Amino acid sequence: MSDSGSGTRYYWCVRHQRVETDADVCPAKHVLGPYASASDAEHALQRVQERNEAWEAEDARWAGEES
């Protein structure tokens, strides 16, 4: 199955721990997205973690807490 060019949007449901589409998406309070591909949606939590770590490091640098 190819995700490209389909116009379908994909979401990561934190409640069900699965990729969902517009056809079966849970309420917004339970999902991350939309994403352009199922793969992007599947890796959403990893991206969230990476971004949080980067923001925390930037906050520490800004506050002068570099080690």
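Residue numbers start at 1 and run along the sequence shown. Note that the coordinates shown come from a computational prediction; the quantities given were computed from them, not determined experimentally.
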Decide yes or no for Arg61 and Glu58: does some side-chain heavy atom of the first lie under 4.5 Å from some side-chain heavy atom of the second?
-> yes
Indicate the atoms forming the closest heavy-atom contact of Ala44 with Tyr35, along with that distance.
-> CB-OH, 3.4 Å
Pairs involving residues 12-30, ordered by first then second residue, that meet salt bridge (Lys or Arg N to Asp or Glu O under 4.0 Å) (sequence neighbours left out) | Arg9-Asp22, Arg18-Glu20
Scan residues 32-53 for pairs that pass salt bridge (Lys or Arg N to Asp or Glu O under 4.0 Å), counting only residues two or more places apart or in two chains.
-> none
Flag the pair Trp12 / Val19 as yes when at least one side-chain heavy-atom distance between them is below 4.5 Å, and no otherwise.
-> yes
Partners passing side chain to side chain contact (heavy atoms under 4.5 Å, CB included) against Val48 (at least two apart in sequence or in another chain) | Leu32, Asn52
